[in-house]
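Structure first, commentary second.
Hydrogens, waters and symmetry mates play no part in the numbers below; they use all other heavy atoms, side chains included.
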Amino acid sequence: MTLRTKILLIVMLGFVGLTAVVFTFARVSVDQAFEQLEKTSVGHDGAIIQMVYQHELRLLTKTALEWANRQGVRELVNGTGADMLADGLHDPPLIQGNVNLLMILDAEGKQVASRFYDLTGRRAVPLPKSFLDFLAEDSFVRVHHHVESHVTGILPLMEQPMILVSLPILPQESGGLIEGTVIVGRWWGQGDFLRMATKAGLGTYQQYTKDDLAPDFAAAAPHLNRNQPIHTVMLRGTSVAAYVLFDDIYGEPGLILRLMKERDNFLASFAVSSRVGIFTVGAGVFFLIVALVLLEATTLSRMRVLVREIRDIESTKHIAAAKISIKGRDEIGRIAEGVRYVLSALKVNRFRWVRSERRLQNVIEALPTAIVFLDTQTYGIRRVNQRAVELLESDANALLGLPFEELVLHQGGHEGWMTLIHGLENRSETAEISLHRHAAEPLKVTATASELSLDEGKLLIVSFVPTGLSR
């Protein structure tokens, strides 16, 4: 694998990793921002719904107070007046206030007059049985014991919740006894706040706190209290919900209303994060190309030149002609400087070696002993000195490459020759041999041998002197 491929893979892996991290971070950040925005929005809707509910509760209280202060109501509970609720269906405040229930009771909590209105059908209907059962079991809303007493809140009935207000009928003169009770109620479904929620595209669903709560209601319930009556949460990732707590007539948590809407901004956040991801990828590709171009210009191209010049050293006939052109203060420049230092040292050593070789050659040529250099594989003559040429009465060029076996007179054929030459190689003996000479009688010599190791291989150095001279 080339350096360019490695660098390209490293850069691409880094780019892919960076893109994934940036895209994930952008997506998570955008989703969290939109999630927080949607939670805040639906929580604001929940606050508005609760404000409207409190406003409607105050209007019902105002209606109950108006009826409690009517002189005809006092006369009715005292048994001296007529039933004022006979025409209550046509009472504009009751119609405009969406009042379903109007009930008048005496001081002992006994029902004196009552009307229950179906506002949709514009007609009077019987009182709900669940409401009558509640009145029979609990006197909390029927009897008031002091003038400041009042009851407001949610009454959990079987049919549906009822918003209820119960006020005492005060005597006309201060200091008198409480003369009775006025109860005003409205079905939960008739509330303006629910109509507002529907128009705003919010799905509504409610549960009594004393019932078996659905899983999402049960999860939200611990987060709701009088100080924090609204809790927002994401549902299934595609919906956002606000849970709003309403108190019952006893001032205790009585009902939880869930306001839910689809995450319309979810797709918008996905589109935004997708655009961010596309922009990140595009920008990353652009900068990747720029980085690769700069890397090619400043590093890879110089590295290729350096590699080529180092390879050219091998094919250079003369080490002195080798050169490295790359320069610089970076790592590549330092490598090139190191190669130049090595080349300089090689040139110096080469010069010293050539000078030493020439000195050795001059010494060998000047020796009075004849010397022949043989290849240890073929035993061919690789080199001879001048004394050997004179004794053999031949030419140096004619001797080079000639098998030494052809110059030696020996017995026993090739086996006898091998025995002779192996004896010389092992320095086990000094051989008395006869050498052929050009146009002259054979020359008897005393021969010795030694082995010389060189970079290109081993040479066998055979030296010999005429027998007569050796004596």
Side-chain angles (χ1 to χ4, degrees), residues 312-322 343-471:
D312 290 343
I313 294 175
E314 183 179 0
S315 60
T316 302
K317 294 182 179 180
H318 301 286
I319 192 68
L343 281 177
S344 177
L346 288 176
K347 291 176 182 178
V348 172
N349 291 334
R350 174 66 177 174
F351 173 75
R352 292 175 178 174
W353 179 80
V354 170
R355 185 171 61 179
S356 299
E357 185 181 23
R358 288 176 181 175
R359 289 177 180 176
L360 178 61
Q361 183 178 358
N362 292 334
V363 171
I364 293 174
E365 290 294 331
L367 286 174
T369 304
I371 298 177
V372 178
F373 294 84
L374 303 181
D375 189 312
T376 56
Q377 300 296 325
T378 63
Y379 299 105
I381 298 175
R382 295 279 296 274
R383 187 174 180 179
V384 295
N385 69 348
Q386 185 61 33
R387 180 57 177 164
V389 173
E390 292 175 354
L391 289 178
L392 294 174
E393 297 181 358
S394 181
D395 183 73
N397 294 328
L399 293 174
L400 295 178
L402 184 68
F404 190 57
E405 182 180 1
E406 296 181 8
L407 295 177
V408 179
L409 296 175
H410 58 276
Q411 296 179 354
H414 182 69
E415 293 181 358
W417 156 250
M418 295 303 298
T419 302
L420 173 64
I421 197 68
H422 286 161
L424 290 174
E425 284 182 323
N426 297 328
R427 297 182 181 181
S428 62
E429 60 184 38
T430 299
E432 298 289 339
I433 61 176
S434 297
L435 300 177
H436 286 291
R437 292 194 296 174
H438 181 69
E441 292 295 327
L443 177 66
K444 291 183 178 182
V445 298
T446 300
T448 58
S450 61
E451 199 172 74
L452 176 65
S453 297
L454 300 175
D455 292 339
E456 60 270 18
K458 294 181 179 180
L459 293 179
L460 184 64
I461 303 174
V462 181
S463 62
F464 54 90
V465 293
T467 302
L469 295 177
S470 63
R471 293 175 186 175

Leu435 vs Val408, side-chain contact (heavy atoms from CB on, under 4.5 Å): CA-CA, chis, key distance, verdict: CA-CA 5 Å; Leu435 300 177; Val408 179; 3.8 Å; yes
Between atom CZ of Arg383 and atom CD1 of Ile461, what is the distance when rounded to the nearest 0.5 Å? 10.0 Å
Under 3.5 Å donor-acceptor, Asn385 side chain and Val363 backbone: no
Quick one: does Phe351's side chain get under 4.5 Å of Lys347's, heavy atoms only? no
For Glu390, the salt bridge (Lys or Arg N to Asp or Glu O under 4.0 Å) test, sequence neighbours excluded, returns Arg387
Just grab all the salt bridge (charged side-chain N to carboxylate O under 4.0 Å, His left out) pairs involving residues 361-371, residues at least two apart or on different chains. none
If I compare all heavy atoms of Ala449 with all of Val462, which pair ends up nearest, and what's the gap? CB-CG2, 4.2 Å
Specify the closest pair of heavy atoms between Arg382 and Leu374, including all atoms of both residues, with the distance to one decimal. CG-C, 4.3 Å
State the CG-CD distance between Leu402 and Glu405, to the nearest 0.5 angstrom. 10.5 Å
Roughly how far apart are Ile364 CD1 and Ser463 OG, rounded to 0.5 Å? 11.0 Å
Measure across Glu406 and His436 and return the closest heavy-atom pair with its distance rounded to 0.1 Å. O-CD2, 3.2 Å
Hey, what do you get for CD (Glu432) to OG1 (Thr446), rounding to the nearest 0.5 Å? 3.5 Å
Please answer whether the main-chain N or O of Leu409 pairs with a side-chain N or O of Ser434 as donor and acceptor at a distance below 3.5 Å. no
Approximate separation, where rounding is to 0.5 Å, of Leu392 CG and Leu443 CG: 7.5 Å
Reported CG-to-CD1 distance for the pair Asp375 and Ile381, which is rounded to 0.5 angstrom: 11.5 Å
Other residues, nucleotides and ligands only: do more than 12 of their heavy atoms fall within 6.0 Å of CZ on Arg355? yes
Compare all side-chain heavy atoms of Thr378 with those of Pro403 and state whether any distance is below 4.5 angstrom. no
Heavy-atom closest pair (Ala388 atom, Ile371 atom, distance to 0.1 Å) is CB-O, 3.8 Å
Could you tell me if the side chain of Phe404 sits less than 4.5 Å from the side chain of Leu460, heavy atoms only? no
Under the side-chain contact (heavy atoms from CB on, under 4.5 Å) test, which residues partner Asn362, sequence neighbours left out? none
Taking the side chain as everything from C-beta on, heavy atoms only, tell me whether Ile433 gets closer than 4.5 Å to Phe464. no
